[in-house]
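One structure, pasted below without further comment.
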Amino acid sequence: MSAWKLGIIGGSGLYALDGLENLREERVTTPWGQPSAPLVHATLKGVELVFLSRHDLGHKIPPSDINYRANIDALKRAGVTDVLSLSACGSLREDLPPGAFMVVDQYVDRTFAREKSFFGTGCVAHVSMARPVCSRLSAMAGAAARAAGVETVADRGTYLAMEGPQFSTKAESHLYRAWGMDVIGMTNMPEAKLAREAELPYASVAMVTDYDCWRDDLAEVNVTDVLAILKSNVVRAQELVRHMTSAMAGAKREPCPDGIETVLDFALITAPEARDPGLLARLDAVAGRVLSN
Ligand SMILES: CSC[C@H]1O[C@H](OP(=O)(O)O)[C@H](O)[C@@H]1O
Ligand SMILES: Nc1ncnc2[nH]cnc12
């Protein structure tokens, strides 16, 4: 058994994983409230994984109501070493058609109605988000997407996170293209920021379902069309996960090459005597490594 323990956050259309072994469902709560769904502990190709459905079975939770803090805290408590996010997205680029997968390497966060940090009054921290994803996990995700037979795989690109739940106006869609954004979605922020605060290496595969609404020659994005494309994307995402765990089974896990597992060494600013014991207690999983002595 390798030392990898992969956390997988499944987005729209991906409410469960196929082919899991030694499956055990666990309903947990965290100091931040309840995660979106029960954690599914399992093995795949001999690698331990923990699956969490972001919107819950039946797609009950909208992007703004997802308890991102509870989701990341729960995965951290479950002992995952790495987190892979699988998400539907709209494309802002002609050469990323529906069915293409993009491994995200940058974000622009335009969300505004979500809790974005584990830290706050009584324990202030500022982590770097300059390089928001884990380069090793992202490279593995790109290789696994190709091995899964995905025709168009982009190894990098910027994901614009919008608040939603409404899709964008044409003016917004054109603006984001002018900004050089590649894909658009509603969930990767603050998820990626919180994973970083929790010192969890995070990678995200954005699976294109539509061209949003910037193309005048095509119908504007709507849920019915998204669902039709999602079905085939999800089959390939399941295959991607199988290839990813195969690669992990064959490679001993070394510490994250980007130093993500120790970012809090350089992030806490509140003097020890000024820290709020109540907040410190809630941070036991996320920041216990640096706060426990
Ligand atoms: C069903 S279309 C809009 C919905 O899909 C994406 O969700 P996820 O990132 O969890 O796959 C998008 O962000 C919206 O929440
Ligand atoms: N066009 C779009 N905008 C935001 N989120 C999406 N998820 C899938 N397609 C999307």
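Quick note: numbers below take in every heavy atom, side chains included, and nothing from hydrogens, waters or symmetry partners. One-based numbering, in listed order, for ligands and for the atoms of each.
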With no hydrogens and no angle check, do the side chains of Arg156 and Ser138 hold a donor and an acceptor under 3.5 Å apart?
no
Charged N-O contact under 4.0 Å between Asp155 and Arg146:
yes
Is Tyr15 reachable from Val234 through a run of hydrophobic residues whose side-chain heavy atoms are each under 4.5 Å from the next?
no
Please check if Met186 and Val223 belong to a single hydrophobic cluster, counting links between Ile, Leu, Val, Met, Phe, Trp and Tyr side chain heavy atoms closer than 4.5 Å.
yes
How close does the nearest protein non-hydrogen atom get to atom 5 (N) of ligand 2, and which residue and atom is it?
Gly185 CA, 3.5 Å
Report yes if Thr187 has an N/O atom closer than 3.5 Å to an N/O atom of ligand 1; otherwise report no.
yes
Can you tell which of Val28, Val50, Asp284 makes a side-chain contact (heavy atoms from CB on, under 4.5 Å) with Arg77?
Asp284
Protein heavy atom at shortest distance from atom 3 (C) of ligand 1
Phe167 CE2, 4.1 Å
By number and element, which atoms of ligand 1 are closer than 4.0 Å to a non-hydrogen atom of Gly185?
13 (O)
Using a 4.0 Å heavy-atom threshold (strictly under), name the region of Ser168 that reaches ligand 2: side chain, backbone, both or neither.
neither
Given Ser128 and Val263, is the side-chain contact (heavy atoms from CB on, under 4.5 Å) satisfied, shown in steps?
CA-CA 8 Å; Ser128 170; Val263 286; over 6 Å; no
closest protein heavy atom to atom 9 (N) of ligand 2 is Asp210 OD2, 2.6 Å
Run the side-chain contact (heavy atoms from CB on, under 4.5 Å) check on Ser87 and Asn188 step by step: do they pass?
CA-CA 8 Å; Ser87 286; Asn188 276 204; 3.1 Å; yes
How close does the nearest protein non-hydrogen atom get to atom 10 (C) of ligand 2, and which residue and atom is it?
Gly90 N, 3.4 Å
Within ligand 1, which atoms have a heavy atom of Ser87 less than 4.0 Å away?
9 (O), 11 (O)
The protein heavy atom nearest to atom 10 (O) of ligand 1 is His55 NE2, 2.5 Å
Close-contact set for ligand 2 against Asp212 heavy atoms, below 4.0 Å:
1 (N), 2 (C), 3 (N)
Test your reading of the structure: does Asn188 have an N or O sitting under 3.5 Å from an N or O of ligand 1?
no
Examine the side chains of Lys76 and Thr30 and answer whether a donor and an acceptor come within less than 3.5 Å of each other.
no
Ionic contact status for Glu191 with Arg54, cut-off 4.0 Å:
yes
Option set Tyr176, Phe167, Trp214, criterion heavy-atom distance to atom 3 (N) of ligand 2, minimum
Phe167
Less than 4.0 Å between a side-chain N and a carboxylate O, is that true for Arg177 and Asp212?
no
Of all protein heavy atoms, the one nearest atom 2 (S) of ligand 1 is Val226 CG1, 3.9 Å
Specify the protein heavy atom at minimum distance from atom 4 (C) of ligand 1: its residue, its atom name, and the distance to 0.1 Å.
Ser12 OG, 3.5 Å
I need the atoms of ligand 2 closer than 4.0 Å to a non-hydrogen atom of Met186, numbered in the order shown.
4 (C), 5 (N)
Taking 4.0 angstrom as the limit and counting only heavy atoms of Met162, give me the atoms of ligand 2 inside it, by number and element.
4 (C)
Check ligand 1 against Arg54 and write out every atom of the ligand that is under 4.0 Å from a heavy-atom position of the residue.
8 (P), 9 (O), 10 (O), 11 (O)
Under 4.0 Å to a heavy atom of Thr209 - the qualifying atoms of ligand 2, by number
8 (C), 9 (N)
Taking the inter-plane angle between the rings of Tyr107 and Tyr202 on a 0 to 90° scale, is it parallel (under 30°), tilted (30 to 60°) or perpendicular (over 60°)?
tilted
I'd like to check whether Ala88 has a polar contact with ligand 1, where a contact means an N/O of the residue lying under 3.5 Å from an N/O of the ligand.
yes
Using a 3.5 Å cut-off on N or O atoms only, is Met186 in polar contact with ligand 1?
yes
Interatomic distance, Thr187 atom OG1 to Ile9 atom CD1 [nearest 0.5 angstrom]
9.0 Å
Region of Pro63 engaging ligand 1 - heavy atom pairs below 4.0 Å
side chain
Evaluation steps, side-chain contact (heavy atoms from CB on, under 4.5 Å), between Val133 and Val103
CA-CA 10 Å; Val133 298; Val103 183; over 6 Å; no
